[in-house]
Amino acid sequence: MRARTVFIMLLVLIFLVAFGPALVALISQAIAELAFGCQVDLNRVIPCIIGGKDDGQTFYDLGFLIWYSYLSIPTGRVLFAIWLVAATTAFIVRRRSAPAKT
């Protein structure tokens, strides 16, 4: 596998670590409100009947994942800084080891 592919895959994973909890919370709220017409609130569980089953607690739990962003975004920043140093180092090493074109 080429180094460029590895660095791109790592960058995508860092993005998912940093913004994953917020994305899950926002997408679950959008699904609950737009697709099923349910209200989502982080203060209390609001009943949401889908197919005869109350899924209000599930949407409440998924919405609560937004609070994990306070940990995941700083973690993503640190991982991105490490990635940036590694990518810059790999780029410099590759440029220096490449044969000179005449």
Side-chain angles (χ1 to χ4, degrees):
M1 196 178 301
R2 294 180 51 189
R4 181 183 298 175
T5 306
V6 171
F7 280 112
I8 290 172
M9 288 182 0
L10 285 174
L11 189 61
V12 169
L13 287 174
I14 290 169
F15 177 82
L16 289 176
V17 165
F19 298 107
L23 289 173
V24 169
L26 294 175
I27 290 170
S28 69
Q29 183 174 359
I31 289 172
E33 291 178 354
L34 299 176
F36 298 112
C38 298
Q39 183 181 359
V40 179
D41 189 5
L42 292 180
N43 294 324
R44 59 189 162 84
V45 176
I46 299 173
C48 178
I49 308 300
I50 301 172
K53 181 179 175 234
D54 183 14
D55 288 324
Q57 181 70 43
T58 303
F59 287 121
Y60 174 79
D61 292 340
L62 289 173
F64 203 78
L65 284 175
I66 195 81
W67 292 104
Y68 290 112
S69 296
Y70 285 114
L71 297 173
S72 66
I73 290 176
T75 302
R77 291 170 108 185
V78 169
L79 290 173
F80 179 72
I82 294 169
W83 176 88
L84 191 60
V85 168
T88 304
T89 304
F91 177 74
I92 291 170
V93 167
R94 183 177 168 113
R95 290 253 342 217
R96 287 189 179 175
S97 65
K101 294 183 180 180
T102 57

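Applying the disulfide (SG to SG under 2.5 Å) test to residues at least two apart or on different chains, the pairs with a partner in residues 4-87 are C38-C48.
By the 30° and 60° cut-offs, the orientation of the rings of F80 relative to W83 is parallel. Aromatic ring pairs are classed by plane angle as parallel below 30°, tilted from 30° to 60° and perpendicular above 60°; the pair F36 and F59 is tilted.
The side-chain contact (heavy atoms from CB on, under 4.5 Å) check on R95 picks up F91, with sequence neighbours excluded.
Counting heavy atoms of neighbouring residues, nucleotides and ligands inside a 6.0 Å radius, atom CZ of F7 exceeds 12 of them.
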Please table the atom pairs, donor to acceptor, closer than 3.5 Å between any side-chain atom in residues 10-30 and protein atoms at least two apart or in another chain.
residue: S28; atom: OG; partner: V24; partner atom: O; Å: 3.1
residue: S28; atom: OG; partner: A25; partner atom: O; Å: 3.0
residue: Q29; atom: NE2; partner: E33; partner atom: OE2; Å: 3.1

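What you find for S72 and S69 is that their closest heavy atoms are OG-CA, 3.3 Å. Looking at every heavy atom in both residues, L84 comes nearest to T88 through O-OG1, 2.7 Å.
When the side chains of ILVMFWY residues are joined at heavy-atom separations under 4.5 Å, either directly or via intervening members, Y68 and Y70 end up in two distinct hydrophobic clusters. Both L79 and M9 sit in one connected hydrophobic cluster of ILVMFWY residues. Membership requires side-chain heavy atoms under 4.5 Å apart, directly or through other members. L65 and I46 fall into different hydrophobic clusters, where Ile, Leu, Val, Met, Phe, Trp and Tyr side chains are chained together by heavy-atom contacts under 4.5 Å.
With rounding to the nearest 0.5 Å, the separation of OG1 in T58 from CG in L62 is 7.0 Å. A distance of 9.5 Å separates CD1 of I50 from CD1 of I31, quoted to the nearest 0.5 Å.
Results of the side-chain hydrogen bond (donor to acceptor under 3.5 Å, both in side chains) test with Q57 over D54, D55, D61 single out D61 as the only residue that passes.
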